[in-house]
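See structure below.
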Amino acid sequence: MFENGEGSTILKLLFLTAFGFLLLVGCAEEKAPDASGGQAGAGIVAPSVALIDDERINNAASEPGNWLAYGRDYYEQRFSPLKAINKDSVGDLGLAWSMDLNTNYAVEATPIMVDGTLFFSSAFSKVFAVDARTGTEKWSFDPGVPKDFQRKACCGPVSRGVSVYKGRVYVGSLDGRLIAVDAATGDKVWEVDTVIDHARNYTITGAPRTAKGKVYIGNGGAEYGVRGYVTAYDAQTGEQVWRFFTVPGNPALPFEHPEMEMAAETWKGGEWWEIGGGGTVWNSIVYDPDFNHVYLGVGNGAPWTRAIRSPGGGDNLFLASIVALDADTGEMKWYYQTTPGDNWDYTAVQDMMLAEMEVDGVLRKVLMQAPKNGFFYVIDRADGKLLRANPFVTTTWATHVDMQTGRPVENPETDYSDKPQWILPGPLGGHNWQAMSFNPDTGIIYFPAQDNPLIYAMNEEFKATGVYKRNPGTMNLGLELGNIAKLISDNVDSAPQAKGYLKAFNPLTGEEVWSVEHPHHWNGGALATKGELVFQGDAMGILTAYDAADGNPLWTYNAYSAMLAPPISYELDGEQYLAILTGGGGDDFGGHTNDTASYKYDSFGRMLAFKIGGTLALKAPDIRDVTIPPQPELIASAEDLTRGNQLYHTVCAICHGVMVKSGGVIADLRLMNQNKHSIFNQIVLEGVLAGAGMASFADVLTAEDASRIQQYIISRALEDQVTANAVAPSGG
Ligand code: CA
């Protein structure tokens with residue numbers, strides 16, 4: 001629903017529910033390849049491993065056994081050319097090795113596999129180098145993110161991966177640093193602070209990208225009130241090369257670059273810079289070797305509601321846009337805005353992939369993206385011209401995209417300025433950050449999609465007074481979640497059901513080739529292979545191989561842990577492997593059932609690697625006891641409970657779950673016993689569990705407010721005690 005990890009929704013119940021740039025690491029005989037950035041000058045000795053450079057990434061097709069970059073190569077199509085694992089052999093696929101990462105938080109990374117070593121990040125931005133044949137750790141690097149920093153991250157202390165380039169591994173830390181470590185040793189080479197304002201909750205969860213001797217990185221935090229930007233750093237030294245802001249600051253101050261002057265004309269009235277404006281680039285940044293562009297996938301507005309952000313109207317550039325920049329200078333080449341005047345948390349940060357395809361009889365270099373708003377975009381990379389915008393899920397916020405103007409046509413019937421409205425897609429989007437995969441032979445894209453609604457309701461105080469009060473240190477959506485939680489519980493019967501799918505989709509015709517509906521809406525990324533298979537892990541803990549032709553499941557494996565990360569495939573010694581990181585939750589703050597793996601078992605951070613004939617078995621975990629224990633006495637007035645509800649949903653729900661039902665990884669507070677209740681204020685206000693990740697909230701809550709929250713939690717536990725202890729609540 002929110003920034004960073006983009007968690008699962010609110011659903012059926014709810015919604016239905018950068019020192020020292022030359023680190024000499026031996027092996028002086030290998031000079032760094034200088035095919036691209038020209039950074040490796042005379043006298044610089046290259047590291048010995050992981051010598052990925054622009055030339056290798058550009059020619060990834062010549063080394064099908066490796067997975068060299070986030071989306072395998074610069075085009076980020078995520079299509080594995082390997083086919084030893086295919087329709088005939090997949091039945092014999094089995095676990096070759098498993099590696100425990102010792103975390104229960106979500107592990108969302110795409111691993112990089114180069115020359116026998118897997119490089120990836122785990123929770124709290126920890127980096128691992130692992131032998132890809134055996135799962136034996138070679139080294140690990142812990143950037144030392146404070147455990148209670150996760151309070152500033154909406155969706156868990158997640159990291160979607162690293163970039164490996166010229167013997168170094170680059171990772172963005174949750175607390176906003178960009179760090180280069182030596183690929184051979186895991187030793188830190190340099191580190192830079194990317195955050196422009198530490199008074200705001202900036203985070204990094206996305207994977208850096210590397211090209212032209214530079215590292216490109218953005219940030220997250222729109223829901224907490226930040227201003228988005230992307231920075232390019234010199235890959236050797238960590239020196240800043242350029243920075244591009246995605247939304248204007250205070251127009252009374254000098255513009256940082258000319259594009260901000262243009263953008264400021266599309267923001268009208270209001271003091272959006274006080275709230276932050278949003279537009280964070282927290283996931284997708286793609287380098288295009290054909291045009292020397294860097295594409296930014298830009299996020300939603302902060303706050304969500306445009307009437308608060310920009311009361312005079314306007315498109316609010318560059319929210320929810322794909323922005324093409326010159327990779328060397330950061331100068332804008334073109335942009336395409338998917339959702340002008342974003343009003344729904346409709347980020348366009350979702351993965352972008354590059355291709356060449358014939359469109360209306362003309363061979364074009366295109367960019368494709370399925371952003372949250374539910375339309376699948378095909379855009380000409382030369383000039384940003386819109387070529388296609390077909391819906392891939394139910395879209396009730398807009399009737400269609402006008403191909404003449406390139407703008408969506410909003411549906412007046414779902415305008416929520418005057419009354420609450422169920423709208424599809426909701427803030428989790430028709431598609432979120434989970435990876436999609438493209439088969440260039442067939443032109444079909446495979447990706448996880450959702451029909452996942454939210455009842456949008458204007459902030460009541462803003463409606464009454466025209467004034468919106470920003471809450472520093474916590475979320476500022478413009479909407480009011482406590483009120484929404486009540487609306488949801490009052491309207492469960494009329495709520496559209498939250499549904500999740502794996503879809504095979506033709507981006508040119510808009511045809512849905514096939515669709516598989518999952519038991520739960522929030523599932524993992526996809527991998528298509530030359531073996532005519534599509535692999536995906538799901539919320540129930542099951543990894544499945546589907547027939548790419550028709551979606552029939554051909555093989556399943558119980559990983560006993562939810563998966564959000566996409567699988568990759570690689571080859572060593574003539575054997576094809578399929579590897580995936582497991583671990584969900586932290587970000588699934590609602591919408592799960594007692595049967596979803598994170599709730600049923602907990603979440604297990606692991607790397608699993610499969611090959612034909614693998615025989616290793618995973619031990620089935622114990623099923624968790626989720627009996628709600630006896631509760632302290634409920635003594636609050638109705639008024640205090642209402643306030644407790646509002647406060648809980650503003651401050652606590654993002655981690656602990658809407659209506660006090662968590663995703664299973666962060667504590668489900670309905671399960672607190674009397675002992676925990678007796679130290680509730682010490683936990684919430686004094687931070688006695690900060691070392692375990694539960695920060696103090698004394699800066700935003702008084703003791704009286706904490707007690708109101710506690711009473712609301714007790715009330716919810718009592719409500720669910722009877723039914724939850726007997727029957728699993730339905731979560732859609
Ligand atoms: Ca968001």
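Whatever order the structure lists them in is the order used to number ligands and atoms, beginning at 1. Everything numeric here is computed off the predicted structure, so don't read it as measured data.
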Do Arg306 and Asp342 sit within salt-bridge range, that is, some charged N less than 4.0 Å from a carboxylate O?
no
ask   = So, Asn300 and the Ca ion (ligand 1): N/O/S under 3.0 Å, yes or no?
value = yes
Sorted by chain and residue number, the side-chain contact (heavy atoms from CB on, under 4.5 Å) partners of Ala324 (sequence neighbours excluded) come out as His293, Tyr295, Lys333, Trp334
Can you see whether Phe447 has Arg78 sitting over its ring - NZ or CZ less than 6.0 Å from the centre and within 45° of the normal? no
- State whether Phe697 and Arg151 meet the cation-pi test: NZ (Lys) or CZ (Arg) under 6.0 Å from the six-membered ring centroid, and within 45° of the perpendicular axis. yes
The Ca ion (ligand 1) -> Glu223, closest N, O or S atom is OE2
Per residue Asp345, nearest N, O or S atom to the Ca ion (ligand 1) is named OD1
